[in-house]
Amino acid sequence: MSKPYDPHACERFWQTRWALEGAFRTKDDDPRPKKYVLDMFPYPSGEGLHMGHASVYTISDAIARVARAQGFHVLHPTGWDAFGLPAEQYAIDHQVHPREAVARNVATFKRQMQRMGWSIDWDREIDTTDPAYYRWTQWIFLKLFEKGLAYEAEVPVNWCEALGTVLANEEVIDGKSERGGHPVVRRPMKQWMLRITAYADRLIDDLEGLDWPERVKEMQREWIGRSEGAEVRFRMGGAGEFTVFTTRPDTLFGATFCVLAPDHPLVRKITTPQRREAVELYAARATRRSERERAVEVKTKTGVFTGAYAINPATGAQIPVWVADYVLLTYGTGAVMAVPGHDQRDWEFARAMDLPLREVISGGDVTKAAHEGDGTLLASAFLNGLRVAQAKRAMTTWLEREGHGRARVQTKLRDWLFARQRYWGEPFPLIKGRDGVVLPVAEQDLPVALPDVRSYKPTGTGESPLAAVTSWVDVKDPRDGSPARRETNTMPQWAGSCWYYLRFIDPHNAKAFCAPEKERHWMPVDIYIGGAEHAVLHLLYARFWHKVLYDLQLVSTKEPFQRLVNQGMVLAASYRDGENGPYVKPEEVEATPAGPRAKGTGRPLLSVVEKMSKSKKNVVNPDVVVAEYGADVSRLYLLFMGPTESNKVWDPTGIEGLKRFHSRAWRLFLGDERSVRAARTSAPATGEARHALHTAIQGVTKDVGALAFNTAISKLMVLLHTLSDLPEVPTEMLDAFARLLQPFAPHAAEEFWASLDHRDLVSHAPWPSFDPAALLTTEVELAVQIDGKVRAHLSVAADASDEVVLAQALALPAVAKALEGRTLASRRVVKGRLVVLGTR
Ligand code: ANZ
């Protein structure tokens, strides 16, 4: 019976059946080898699923489906990362409570995700804002607290006035908030910090064993920024002394001035009265820029002279002490020895301020630029003639012996500022007594539930809106019942995602965040797929928490994510009216031979491929695409657009090609019997057909192993061509085609599978295997002899029957010609070599 293709009916049918049968529910006890396939769970924004989600989750689904077929016990869960600023901002903008906004957005997301046919175990769905979940986020925080890894400190923080909260260094880009792009200023505040710096070495060293993109590892190393060097003491006559951190102690003889950070405590003390006004003005201005920004800013050098001098311990010379914002208080010692001959920033500063320069390493031209590379030491007394590495060691030894300094390793990583003055986050499980002592909430009293409040807007005073909820804030001191207060800050949005991969393993456990035997079974995550934008933030924070849990023997692996894959971005064409002109919607663009033009005005437009974004008017909404093409074709196209890790360009004509492929397959299996649907045979595939089948199985298997889904799909296209050309299609081939198609277009694959009279699901069918023998060249060349003379050559399938070979030989024009007017008396096939014909 033929079945017309209706993607919606077909896909709904299979989605319902999968759900009813619990087709993707993962049991815990299963003897097969495990594979934990995880993607970065979505933050359920009000915008709904975007193309980036559709792309990454289609990739992870294909990986999970292939793994299941290949005999793995697969865990492929999802959930909602729903606390944090964006949810709260959305709630404020739309005047709904964040809890309601999240519930609404989650419902939309879930509907959209289920519509895509992703093989997720929905029984393991988690929500970071669910008290049953954040109870354990709080519990893990208490572990950090008990270990002394959470502490309160008065530190200069990144304060964002518009967002009414402090932000982590990782959340500040070019002096603006990562979310919303609001200005961020430095200001001292008492804050909860997590001692991630205690793990700096391990966070670097353990990258070694991970199967991650080298680029991401390098970004983490960079962010942690481990430098080996020395501390050097500079005395200032009677006015005290300061210490600098340098990675180049070998250049000490070339230090011609020193620079202190504007907020260095010594600045006030040493500044001479004549210089006071200028120095204070400068320091005030500098605090308005973020640290990272100051650190990377090299173009413009600004600074002021304090009027004070320090003594270079190597040369004994008096060198001026300056203040400049390229020196950061929180790095090293907040003070540097400047060596303009061999450090480019110092070189530029010296040039701008007209300060002296001393060359101490040969090999460069210090009149043009600093010579930062290797060379031989000169003008440096006992170091003369040494190479840089030797000189570093010699100088460090000298510094230690003379009491001028010591060897030191320094990291750029700062402790993690862990508190936010916002409502929509996990409350800290902490109580502050009247005496200021901080007490952990008892484990059995967790979760500390976030109270429902009417006003959740940031107060702007630096206090969280929770501070105003007296019924929640005021508690009794567990020690003596005297009045005490809850901590009113909330955790940052990264907290919930620091351990969510552990909760999927045991999502309903009310006694522990995860049962140890389940953790041992499933960890580590075998493959983790997500965007490159998380290279430092989430991936560093989660690794840190995981290591803390490892040290507490609460998890069994040192690292959470064994393999990491960054999927490329989905880009699209955007059209602009002029170089910097406004963006034009694709519907308003007309394609002409002379290029794109604006409909109506006919003005020529500029087209560029860019990241999808509303402002560029180039957003393609997956909902709209699925409504038009169905989930299968959308999935096929998302995978076909390009290799997993490259950026891809959404081309509205490209998806049409996949639609044709899909319809052709549909017709082959389910089309009208008389015209298009292939006749079937239960006989096994032979000859070329067999070769094509096994070549396809081998090729697709290899490609899916390399996550090259685009080429896997093109191999299926080739196979489909072969199938369509066969007068009779062996069901064996149709069967394999359905199994190979399953990871990419699972709904159609189920339909095809059912048409082959299978009762079970193709989603549960094993991956087809190939016979290496069938991959060998199947064609053999035969000589055709007539009366002892070779008259022609013939190539035939190696396993072709004698009958077929003879028929083909006689059909050759050269043979027909030679036989003209004669009578064939004998015919014989010498397998694989000859066709022997005799005439009378
Ligand atoms: C003298 C020197 C000579 C330096 C030379 C470099 C080259 P990394 O590698 O990033 O750790 N520095 C030290 N503390 C600083 C601070 N608080 N703010 C800004 N810069 C600081 O960089 C270490 C180098 O950065 C140190 O070595 C110091 O400059 C500077 F030919 O000391 B160097």
Side-chain angles (χ1 to χ4, degrees), residues 156 169 186 197 200 204 218 221-234 242-267 286-287 289-298 301-303 310 312-315 319 321-350 355-364 366 369-380 383 387-389 391-392 395-396 399 404-405 407-414:
N169 278 340
R186 306 284 300 167
T197 50
I204 289 189
E218 199 43 47
R221 282 190 205 107
E222 271 278 307
W223 185 262
I224 298 166
R226 181 160 61 188
S227 308
E228 283 164 25
E231 269 179 14
V232 184
R233 277 164 62 195
F234 280 78
F242 59 89
T243 304
V244 305
F245 170 69
T246 176
T247 46
R248 297 291 305 274
D250 55 301
T251 62
L252 184 53
F253 284 91
T256 49
F257 58 100
C258 282
V259 186
L260 303 182
D263 31 5
H264 193 289
L266 211 61
V267 171
T287 54
R289 298 166 70 201
S290 87
E291 288 219 331
R292 285 273 163 176
E293 186 186 11
R294 282 162 44 186
V296 295
E297 180 73 67
V298 285
K301 285 280 168 290
T302 62
N312 180 327
T315 61
I319 59 176
V321 180
W322 282 65
V323 168
D325 71 357
Y326 77 89
V327 177
L328 309 177
L329 183 64
T330 51
Y331 187 64
T333 57
V336 308
M337 63 184 220
V339 184
H342 305 283
D343 179 282
Q344 191 57 27
R345 289 186 309 180
D346 297 343
W347 189 91
E348 280 160 21
F349 193 80
L355 290 160
L357 175 154
R358 223 175 109 111
E359 182 177 19
V360 291
I361 295 162
S362 69
V366 296
H371 170 51
E372 296 187 334
D374 201 2
T376 309
L377 271 285
L378 50 93
S380 298
L383 298 179
R387 306 289 293 177
V388 165
K392 278 183 183 176
M395 180 51 99
T396 308
L399 287 169
H404 293 308
R408 178 163 160 191
V409 178
Q410 179 62 39
T411 47
K412 289 210 173 59
L413 187 68
R414 298 278 73 94

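Basis for what follows: all heavy atoms, side chains included, without hydrogens, waters or symmetry-related copies. In listed order, ligands and their atoms are each counted from 1. All of these numbers come straight from a predicted model, not from anything done at the bench.
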Chemist: When you compare the side chain of Leu355 with that of Thr256, does any pair of heavy atoms fall below 4.5 Å?
Modeler: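 No, side chains not in contact.
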Chemist: Within a strict 4.5 Å, meaning less than it, do heavy atoms of the Phe253 and Leu377 side chains meet?
Modeler: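 The answer is no; the side chains never approach within 4.5 Å.
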Chemist: How about Thr247 and Phe245: do any of their side-chain heavy atoms sit closer than 4.5 Å?
Modeler: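 Yes, close enough: below the 4.5 Å cut-off.
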Chemist: If you have a sec, work out which protein heavy atom is nearest atom 16 (C) of ligand 1 and how many Å separate them, to one decimal?
Modeler: Leu328 N, 3.6 Å
Chemist: To which protein heavy atom is atom 13 (C) of ligand 1 closest, and what is the distance rounded to 0.1 Å?
Modeler: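 Sorting protein heavy atoms by distance from atom 13 (C) of ligand 1 puts Phe245 O, 3.2 Å first.
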Chemist: Using a 4.0 Å heavy-atom cut-off, which part of Thr247 comes near ligand 1: side chain, backbone, both, or neither?
Modeler: both
Chemist: Starting at CD of Glu372, measure out to CD1 of Ile361 and round the result to the nearest 0.5 Å.
Modeler: 10.0 Å
Chemist: Quick test of your reading of the structure: of Ser227, Gly229, Ala335, whose heavy atom lies closest to atom 9 (O) of ligand 1?
Modeler: Ser227
Chemist: Using a 6.0 Å cut-off, check whether atom CD of Glu228 has over 12 heavy atoms from anything other than its own residue.
Modeler: no
Chemist: Quick one: sort the His342 and His371 rings into parallel, tilted or perpendicular, breaks at 30° and 60°.
Modeler: perpendicular
Chemist: Among protein heavy atoms, which lies nearest atom 21 (C) of ligand 1, and at what distance?
Modeler: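 Nearest neighbour among protein heavy atoms for atom 21 (C) of ligand 1, to 0.1 Å: Val336 CG1, 3.2 Å.
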Chemist: Record the part of Val339 in heavy-atom contact with ligand 1 below 4.0 Å; permitted values are side chain, backbone, both and neither.
Modeler: side chain
Chemist: Can you tell me which residue and heavy atom of the protein come closest to atom 25 (O) of ligand 1, and the distance to 0.1 Å?
Modeler: Arg345 NH2, 3.6 Å
Chemist: Taking heavy atoms and a distance under 4.0 Å, where does Met337 meet ligand 1: side chain, backbone, both or neither?
Modeler: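 The answer is both, backbone and side chain.
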Chemist: Hey, does the side chain of Thr251 reach the backbone of Pro249 with a donor-acceptor pair shorter than 3.5 angstrom?
Modeler: no
Chemist: Quick check on contacts: which atoms of ligand 1 are under 4.0 angstrom from a heavy atom of Tyr326?
Modeler: 18 (N), 19 (C)
Chemist: Among all protein heavy atoms in this structure, tell me which lies nearest to atom 10 (O) of ligand 1, with the distance rounded to 0.1 Å.
Modeler: Lys412 NZ, 2.6 Å
Chemist: Is Glu218 salt-bridged to Arg221, going by a charged N under 4.0 Å from an acidic O?
Modeler: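 So Glu218 pairs with Arg221 through a salt bridge.
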Chemist: Starting from atom 3 (C) of ligand 1, what is the nearest protein heavy atom, named by residue and atom, and what distance separates them?
Modeler: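 Answer for atom 3 (C) of ligand 1: Thr251 OG1, 3.4 Å.
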Chemist: Have a look at Val336 and tell me which of Asp343, Val232, Val259 forms a side chain to side chain contact (heavy atoms under 4.5 Å, CB included) with it.
Modeler: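 Between Val336 and the candidates, side chain to side chain contact (heavy atoms under 4.5 Å, CB included) is satisfied uniquely by Val259.
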Chemist: What distance do Phe257 atom CZ and Met337 atom CE have between them, rounded to the nearest 0.5 Å?
Modeler: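 Here the interatomic distance stands at 11.5 Å.
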Chemist: For ligand 1, which atoms have a heavy atom of Thr246 less than 4.0 angstrom away?
Modeler: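 Taking each heavy atom of Thr246 in turn, ligand 1 has 1 (C), 2 (C), 4 (C), 26 (C), 27 (O), 32 (O), 33 (B) under 4.0 Å.
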Chemist: Is there a polar contact, in the sense of an N or O pair closer than 3.5 Å, between Tyr331 and ligand 1?
Modeler: yes
Chemist: What protein heavy atom is closest to atom 29 (O) of ligand 1, reported as residue, atom name and distance in Å?
Modeler: Asp343 OD2, 4.3 Å
Chemist: What part of Val327 sits under 4.0 Å from ligand 1 if we count only heavy atoms: the side chain, the backbone, both or neither?
Modeler: both
Chemist: Which residue and non-hydrogen atom of the protein lie closest to atom 31 (F) of ligand 1, and at what distance in Å?
Modeler: His342 O, 2.7 Å
